[in-house]
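Below is one structure; the comments refer to it alone.
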2 protein chains.
Amino acid sequence: MLLEENYNPLKLENQICFPLYSVSRLLIQQYKPLLDELNITYPQYLVLLVLWENNEIPVKDISEKLLLETNTLTPLLKRMETNGYLQRNRSKTDERMVIISLTKKGKDAHQKALEIPQKLVEKLDCFSVDKKEMEVMKSILDKVIATVKN
Amino acid sequence: MLLEENYNPLKLENQICFPLYSVSRLLIQQYKPLLDELNITYPQYLVLLVLWENNEIPVKDISEKLLLETNTLTPLLKRMETNGYLQRNRSKTDERMVIISLTKKGKDAHQKALEIPQKLVEKLDCFSVDKKEMEVMKSILDKVIATVKN
DNA sequence: AAAGTTTTAATCGTGAACGATACAAATATA
DNA sequence: TATATTTGTATCGTTCACGATTAAAACTTT
């Protein structure tokens with residue numbers, strides 16, 4: 001297709017970012033009903049994934065892991081604090097840092113969340129999305145992230 | 001990896017949606033400096049792509065092509081109208097519909113935009129992102145969209 | 001120790017996304 | 001032809017994203 005004579009790079013169907021952007025949103029929409037049960041959003045779910053692997057982690061490190069700026073994370077973390085999922089405490093050794101840690105509610109949510117990935121896979125199955133293709137795509141995306149990250 | 005004994009589906013690195021979501025945002029960030037020259041955002045660029053293929057198109061049809069709800073498009077289209085890129089007119093045959101059409105500025109922007117895809121490809125080259133892999137990914141994503149769309 | 005620089009969060013403003021709701025125009029049904 | 005339903009758009013409220021800026025703490029370098 002790239003070799004066709006009157007190839008138009010501005011045609012919607014020739015965009016690479018558009019399907020990426022759309023599928024990302026479509027997938028997040030698939031997560032929504034599952035996350036609603038925990039009363040969290042998809043970005044908040046990502047924060048929980050990080051915290052379940054590292055209880056006690058500075059905002060900066062969450063920012064690096066999720067590729068989100070602190071001006072996105074600060075209000076998001078405050079909402080999660082209000083909802084009782086986590087605590088925000090200034091580090092005593094370096095007062096520039098705010099250390100995020102899970103509350104009991106945040107830790108307990110891990111058990112409930114364990115079924116989310118499987119339920120999502122089932123949803124994608126319904127859409128006849130090929131699991132192998134998803135693996136291929138994931139490996140490509142991970143490579144892109146690794147190179148962009150430098 | 002999926003076969004390992006203590007495979008943890010809640011590990012960040014085992015998520016499929018997260019890299020999709022991140023790369024989508026990273027790519028849109030790559031577009032930003034190019035789109036800044038036209039004083040438009042990435043979703044606004046998508047609207048222009050649609051309009052360059054169909055001058056005179058109802059909001060509903062843009063919504064279907066971009067997979068965006070009208071409550072997202074209405075304010076976005078109003079901003080583009082304010083910026084002089086397009087016009088919004090009620091259809092005379094069916095007054096429920098608002099027909100979007102390009103202004104001269106909107107049509108003229110097409111010429112400037114022609115160089116955007118090439119410039120983006122160059123950027124991705126710098127990140128040593130493989131073009132073939134991008135094609136593979138695009139075909140998978142297009143399939144996902146087609147199936148989700150039903 | 002004083003001055004400059006870097007690091008880490010927070011604040012502010014703008015622009016998406018999207019669920020819920022409203023409303024008028026068009027269409028279908030009784 | 002009334003009444004009900006559907007369709008297309010708009011409005012409202014909440015939550016991201018993110019650039020620009022601010023501020024304080026921690027470091028470097030005179």
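When reading the values below, keep in mind they use all heavy atoms of this one structure, side chains included, and skip hydrogens, waters and symmetry mates. Below, chain A is the first sequence line, B the second, and so on; all start at residue 1.
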Return yes if some donor-acceptor pair links the side-chain N/O of B:Ser63 with the main-chain N/O of B:Val59 below 3.5 Å, else return no.
-> no
Aromatic ring pairing B:Tyr31/B:Tyr45, orientation class (parallel under 30°, perpendicular over 60°, tilted between) = tilted
Heavy-atom nearest nucleotide on DNA chain D taken for A:Ile28 and for A:Lys92; more 5' hit belongs to A:Ile28
For B:Arg79 and for A:Leu73, locate the closest nucleotide of DNA chain C by heavy-atom distance; then report the residue assigned to the nucleotide nearer the 5' terminus.
-> A:Leu73
Where the side chain of B:Arg88 is defined as all heavy atoms beyond and including C-beta, which of D:dC16, C:dA16, D:dA10 is the nearest nucleotide?
-> D:dA10
How close or far is atom P of C:dT7 from atom CZ of A:Arg90, stated in whole angstroms?
-> 17 Å
Please work out if B:Pro75 contacts a base, only the sugar-phosphate, or nothing of the nucleic acid, heavy-atom cut-off 4.0 Å.
-> nothing
From the options D:dC16, D:dA25, C:dA16, select the nucleotide whose nearest atom is closest to the side chain of B:Pro43.
-> C:dA16
So which heavy atom on B:Tyr21 is nearest to which on A:Ile28, and how close?
-> CD1-CD1, 3.8 Å
Would you classify B:Thr93 as touching base, sugar-phosphate or nothing, given that sugar-phosphate means primed atoms plus P, OP1 and OP2, and contacts are heavy atoms under 4.0 Å?
-> sugar-phosphate
Assign each of B:Glu95 and A:Gln29 to its nearest nucleotide of DNA chain C by heavy atoms, then name whichever residue's nucleotide is nearer the 5' end.
-> A:Gln29
Measure from the side chain of B:Lys78, starting at C-beta and using heavy atoms only, and say which of D:dT11, D:dC16, D:dT9 lies closest.
-> D:dT11
The side chain of B:Arg25 lies closest to which of these nucleotides: D:dG8, C:dA16, D:dC18?
-> D:dC18
Considering only side-chain heavy atoms of B:Met97, which listed nucleotide, C:dA17, D:dA26, D:dT9, is closest?
-> D:dT9
Given atom CG of B:Leu76 and atom P of D:dA17, what is their separation to the nearest angstrom?
-> 17 Å
Choose from C:dA16, C:dC18, D:dG19 the nucleotide whose nearest atom is closest to any side-chain atom of B:Asn71.
-> C:dC18
In whole angstroms, how far is the P atom of D:dT14 from the OH atom of A:Tyr42?
-> 25 Å
Taking C:dG19, D:dA10, C:dT8 as options, the one with an atom nearest any side-chain atom of A:Arg96 is C:dT8
Here the distance between atom P of C:dG15 and atom NZ of B:Lys32, to the nearest Å, is 11 Å
Any chance you could lay out the side-chain contact (heavy atoms from CB on, under 4.5 Å) test for B:Ile16 and A:Met137, step after step, and finish with the verdict?
-> CA-CA 9 Å; B:Ile16 171 62; A:Met137 199 166 64; 4.2 Å; yes
Evaluate whether atom NZ of A:Lys105 has more than 12 neighbouring non-hydrogen atoms of other residues, nucleotides or ligands under 6.0 angstrom away.
-> yes
Kindly point out which of D:dA17, C:dC18, C:dA16 is positioned nearest to the side chain of A:Tyr21?
-> C:dA16
For the side chain of B:Thr41, starting at C-beta, report the closest nucleotide among C:dA16, D:dA17, D:dT9.
-> C:dA16
